[in-house]
Amino acid sequence: MANEVVLLDALASMFGMRARVALAEKGIEYEYREEDLMNKGELLLKMNPVHKKIPVLIHNGKPVCESLIIVQYIDEVWKDKAPLLPSDPYQRAQARFWADYVDKKVYDAGRRIWTTKGGEELEAAKKDFIESLKVLEGVLGNEPYFGGKTFGFVDIAFVTFSTWFLAYETCGNFSIEVECPKLIEWVKRCMEKESVSKSLPDPHKICDFVATWRKKHGVGVGRLSAYMSTVTLDRFECVCFWGLLSF
Amino acid sequence: MEEVKLFGAWPSPYSYRVVWALKLKGIPYEYIEEDLSNKSSLLLQYNPVHKKIPVLVHGGKPICESMVILEYIEQTWPENPLLPSNTYDRAVARFWAKFAEDKGLAIWKLYRTTGEEFEKAMKESLEMLRNLEEHALREKKFFSGERIGIVDIAFGWIAHWLGVIEDLIGVKLLEADSFPRLHAWIKNFKEETIIKENLPDRGKVFARLKRLREMRLASP
């Protein structure tokens with residue numbers, strides 16, 4: 001049966017990146033479509049009428065929504081190559097638990113860091129963010145990946161956030177490497193994989209539009225001004241900055 | 001078979017999700033009731049990250065988060081399946097189970113908020129119910145088709161706890177005229193023997209939520 005795979009996505013989305021990495025891990029050819037999140041396309045609205053969000057994987061015309069569900073779906077359909085989830089039920093449950101932890105704790109605290117004006121709110125967000133990263137660093141332990149000896153589900157769920165680390169660090173004035181050196185080693189290890197390095201955008205691009213968003217919303221700019229690119233971010237900004245709040 | 005234990009709490013619909021799954025599959029287990037105001041050291045040992053129930057302990061190994069537990073139960077005891085066998089249908093089921101997790105939270109805000117926060121929770125709750133009625137349930141008897149499955153279990157709280165919240169706040173969200181399919185689903189769901197025999201006493205749930213509401217709204 002012909003396998004037609006389309007991914008509706010937005011470049012800066014750490015959730016969309018998860019789908020990209022999973023597809024790359026499995027060597028699946030697909031059509032990537034960048035969505036303008038300020039002007040959502042008919043196809044996106046038709047394929048995800050409930051949330052109207054990216055990423056959406058369209059496989060032979062049928063949509064799969066929610067990034068971790070997409071990754072599981074990819075793993076189950078293309079099961080003969082690069083297994084992403086462990087086969088053992090208990091290990092699988094642990095993988096699901098920690099991917100869920102990334103969504104519940106890391107995303108929320110990270111978002112608060114770059115959207116908040118500062119002061120107590122920022123300090124609280126930083127504290128929560130660093131705490132959640134330290135927990136994950138503990139889970140990693142001395143293994144090369146969260147999947148153990150091989151790159152897997154939790155690695156995919158979390159590594160996409162690494163493109164946002166520079167933005168978080170700059171907004172919060174802290175260093176993730178100082179707080180969690182093993183995690184940064186793990187990020188570098190993951191980035192040696194082509195499936196990861198080719199799927200993740202340059203962290204400076206993320207900083208660029210975070211800076212633009214913050215300027216637009218009158219949230220402390222100074223520190224990020226160094227990352228303002230000379231070219232006005234038009235489409236990228238449009239694609240990304242609303243997306244940051246809605247994907 | 002290795003020993004199965006469930007740490008739960010009688011007021012919690014999350015706890016009942018696991019009870020229903022275990023009973024639907026006929027898995028014997030030991031139930032341990034947790035006092036949520038005084039959590040046991042064993043619970044804290046088994047769930048140090050979130051310190052919450054439910055926790056399933058199988059052969060001494062803990063699994064936390066109700067939907068993670070349900071997937072574990074499904075994989076470990078495949079009889080009387082709760083998930084579809086078709087890969088695509090499974091992805092759709094997981095989508096709705098996640099929807100229950102993400103959007104269900106608004107309903108729980110209804111009984112403990114006022115003013116703007118309450119209005120926002122009302123709007124989100126109604127939107128959630130509308131999505132279920134139009135996109136999830138459609139013409140089916142259960143979310144999963146002819147038999148109860150993982151999505152029905154995930155939304156089980158609508159069948160029992162939502163009615164209590166409606167009574168408490170004096171507002172009906174789930175009008176029969178506006179949500180005929182959900183109304184029919186609630187009736188079908190509660191008629192299933194396993195569900196009927198495993199629901200907390202409505203009066204007790206009401207009293208508990210009333211107390212929590214009073215405490216919450218009284219505090220500055």
Student: Measure centre to centre between the rings of B/Phe7 and B/Tyr46, then say whether the value is under 6.0 Å.
Tutor: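 Aromatic pair counts; centres sit under 6.0 Å.
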Student: If I measure from the heavy atoms of chain B, does A/Ser87 come under 4.5 Å with its side chain, its backbone, both, or neither?
Tutor: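 Backbone only.
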Student: Does anything in residues 93-103 of chain A reach chain B? List residues with heavy atoms under 4.5 Å apart, or say none.
Tutor: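 Under the 4.5 Å heavy-atom cut-off, A/Ala93, A/Gln94, A/Arg96, A/Phe97, A/Trp98, A/Asp100, A/Tyr101 qualify.
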Student: Go through the atoms of B/Lys61 and report whether side chain, backbone, both or neither lie under 4.5 Å from a heavy atom of chain A.
Tutor: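 Looking at B/Lys61, backbone and side chain both touch chain A.
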Student: Do B/Lys120 and B/Glu116 sit within salt-bridge range, that is, some charged N less than 4.0 Å from a carboxylate O?
Tutor: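 Not counted as a salt bridge, because no side-chain N and carboxylate O are separated by less than 4.0 Å.
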Student: Taking the six-membered ring for Trp, are B/Phe95 and A/His51 ring centroids under 6.0 Å apart?
Tutor: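 Distance test on ring centres: under 6.0 Å, yes.
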Student: For B/Trp96 together with B/Phe155, are the ring centres under 6.0 Å from each other?
Tutor: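 No, the ring of B/Phe155 stays outside the 6.0 Å limit from the ring of B/Trp96, centre to centre.
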Student: Can the ring centres of A/Phe158 and A/Trp186 be said to be less than 6.0 Å apart?
Tutor: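 Under 6.0 Å, so yes.
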Student: Does the side chain of A/Lys182 pick up a donor-acceptor pair with the side chain of A/Asn142 at under 3.5 Å?
Tutor: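 Per modelled atom types, A/Lys182 and A/Asn142 side chains form a pair under 3.5 Å.
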Student: Is there a donor-acceptor contact under 3.5 Å from the side chain of A/Asp155 to the main chain of A/Phe151?
Tutor: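 Such a contact is absent between A/Asp155 side chain and A/Phe151 backbone.
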Student: Kindly indicate whether the side chain of B/Leu212, heavy atoms from C-beta on, has any atom under 4.5 Å from the side chain of B/Arg112.
Tutor: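 They are not in side-chain contact.
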Student: What part of B/Arg90 gets closer than 4.5 Å to chain A, counting heavy atoms only: side chain, backbone, both or neither?
Tutor: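 Contact with chain A involves the side chain of B/Arg90 alone.
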Student: Is B/Val49 close to chain A through its backbone or its side chain, or both, or neither, when contacts mean heavy atoms under 4.5 Å?
Tutor: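 For B/Val49, side-chain heavy atoms alone lie under 4.5 Å from chain A.
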Student: May I ask you to check if B/Arg130 and B/Phe179 form a cation-pi contact, with NZ or CZ under 6.0 angstrom from the six-membered ring centre and within 45° of the axis?
Tutor: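 Verdict for B/Phe179: a cation-pi partner in B/Arg130.
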Student: If contact means a heavy atom pair closer than 4.5 Å, which residues of residues 65-73 of chain A contact chain B?
Tutor: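 From residues 65-73 of chain A, the residues near chain B are A/Cys65, A/Glu66, A/Ile69, A/Gln72, A/Tyr73.
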Student: Should A/Glu31 and A/Arg33 count as an ion pair when the cut-off is N to O under 4.0 Å?
Tutor: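 Between A/Arg33 and A/Glu31 there is a salt bridge, with a charged N closer than 4.0 Å to a carboxylate O.
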Student: B/Arg181 and side chain to side chain donor-acceptor pair (under 3.5 Å): which single residue from B/Glu139, B/Glu134, B/Glu133 fits?
Tutor: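 Only match with B/Arg181 under side chain to side chain donor-acceptor pair (under 3.5 Å): B/Glu139.
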